[in-house]
Number of protein chains: 2
Amino acid sequence: MLQFDFYIFAPDMNNTRFATVVHILTLLARQPNRLLSSDWIAGSININPVIVRKELGNLQDRGWVISRKGKDGGSMLDVSPDRITLADIYQLVKNANILGKKNLDTNPKCSVGKDINDELEALFRDTDKLICSSLQQKTLQDFVKQFD
Amino acid sequence: MLQFDFYIFAPDMNNTRFATVVHILTLLARQPNRLLSSDWIAGSININPVIVRKELGNLQDRGWVISRKGKDGGSMLDVSPDRITLADIYQLVKNANILGKKNLDTNPKCSVGKDINDELEALFRDTDKLICSSLQQKTLQDFVKQFD
DNA sequence: TCATTATGTAACAACTTCTATTACATTTAT
DNA sequence: ATAAATGTAATAGAAGTTGTTACATAATGA
């Protein structure tokens, strides 16, 4: 039945990952150069610490966070909050498997079925671009500033 | 653990409903005043006819489509395609349970946990508004015109 | 060195939503 | 009556996220 991932409504996007990651980054940004434990972070969000560690792993892969194991270990930001935009975060949590799910089973004998995927893809791409250009103007620092 | 539905990435939004509904409406718009059967429509999208009938039911509830049972029955548009915007369609497939899933379990003893839901909600709402204002400028007729 | 504390992961269950399918009642035209 | 279509319920399957347990690994400090 489907065709292209609807970029805006990415099927791999769940309802909490963006919020969770923003929450984590906000906590880290507010205590720069201080190692926060995943348990402490999880306590603020009220979720399981393993989830936090998974997301921290993603943030490390992205180069935004460094962690230290062992006693007195934890995680901290390795990038200035004004260099992380909400578009970056959006991309991070959405990029899991954004492509690879095209469903080309629409009927090629039907003039609509044959071409609709091209039209939809253009629409999805435009809409995605619109969101990103908006989110790109908002940095993590801007977001964190709201809590002062 | 979460808090607010991320309006942009609405959890009740799947990867195919928007595309499916657009496909259905496109077929109906191209053959005005003609009753198309759910089987025929399903054949173009290559999905199960029951899914099509469910969506047609939603479109009837919305007042856009009328159907007739029995032999030679089927569905057709009851509204001019230039009066249906893509924002309307977006709202239709997204409105299932857009609210009602707030999770206020973030830690109120944490200054971030206490206030982040307000900030996120504002962000989600703004982003949602941006999408809608963009999609509102595109009608079903515009979309269908591309297939000529 | 050893106990403690923390990250890093793997594995699996629970939950949700959408999609597919089967089945059948109802309606309408011929 | 029969055929063809919608309307809908019920159930299973697929996919993704979240929760949880378990344990290996690493680092600190007494």
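Everything numeric in this text was worked out from a predicted model, so none of it was measured. Each chain gets a letter, A, B and so on, in the order its sequence line appears, and its residues count up from 1.
- Look at CZ on B:Arg68: it is 16 Å from C1' on D:dA3, rounded to the nearest Å.
- Put simply, B:Ser67 has no side-chain N or O that comes within less than 4.0 Å of OP1 or OP2 on D:dT6.
- Ranking C:dA10, C:dA20, C:dT30 by closeness to the B:Asp72 side chain, first place goes to C:dT30.
- Atom C1' of nucleotide D:dT6 and atom CG of B:Asn58 are separated by 15 Å, given to the nearest angstrom.
- In this structure, A:Ile41 atom CD1 and C:dA6 atom C1' are separated by 12 Å, rounded to whole Å.
- The shortest distance between the side-chain N/O atoms of A:Gln60 and the OP1/OP2 oxygens of C:dG8 is below 4.0 Å.
- For B:Ser38, counting side-chain heavy atoms from C-beta on, the closest listed nucleotide (D:dT6, C:dA20, C:dA11) is D:dT6.
- Electrostatic pairing of B:Asp142 and B:Lys145 counts as a salt bridge here, judged by a charged N lying under 4.0 Å from a carboxylate O.
- Computed from coordinates, the A:Met76 CE to C:dA6 C1' distance equals 16 Å when rounded to whole Å.
- When each of A:Val50 and A:Gly73 is assigned the nucleotide of DNA chain C with its nearest heavy atom, A:Gly73 is the one assigned upstream, toward the 5' end.
- Nearest heavy-atom pair across A:Phe143 and A:Val22 is CE2-CG1, 3.4 Å.
- Computed from coordinates, the A:Lys69 NZ to C:dA6 C1' distance equals 9 Å when rounded to whole Å.
- Atom NZ in B:Lys54 sits roughly 14 Å away from atom C1' in D:dT6 (whole-Å rounding).
- Closest to the side chain of A:Ser37, out of C:dA6, C:dT9, C:dT26, is C:dA6.
- Looking at A:Ile47 and A:Val52, their side chains come closer than 4.5 Å, going by heavy atoms from C-beta outward.
- Residue A:Asn58 is tested with A:Arg62, A:Glu55, A:Gln60 for a side-chain hydrogen bond (donor to acceptor under 3.5 Å, both in side chains); the sole match is A:Glu55.
- Distances from the side chain of B:Arg53 to the nucleotides D:dT6, C:dT7, D:dT28 place D:dT6 closest.
- When the C1' atom of D:dA9 is taken as reference, atom CG of B:Asn48 falls 14 Å away, rounded to whole Å.
- B:Leu140 places none of its side-chain heavy atoms less than 4.5 Å from the side chain of B:Thr85.
- Residue A:Gly74 is classed as a sugar-phosphate contact, given heavy-atom separations below 4.0 Å to backbone atoms only.
- As rounded to whole Å, 14 Å separates atom C1' of C:dA20 from atom CD1 of B:Ile45.
- Phosphate contact (OP1/OP2 of D:dG16, side-chain N/O of A:Arg17, threshold under 4.0 Å): absent.
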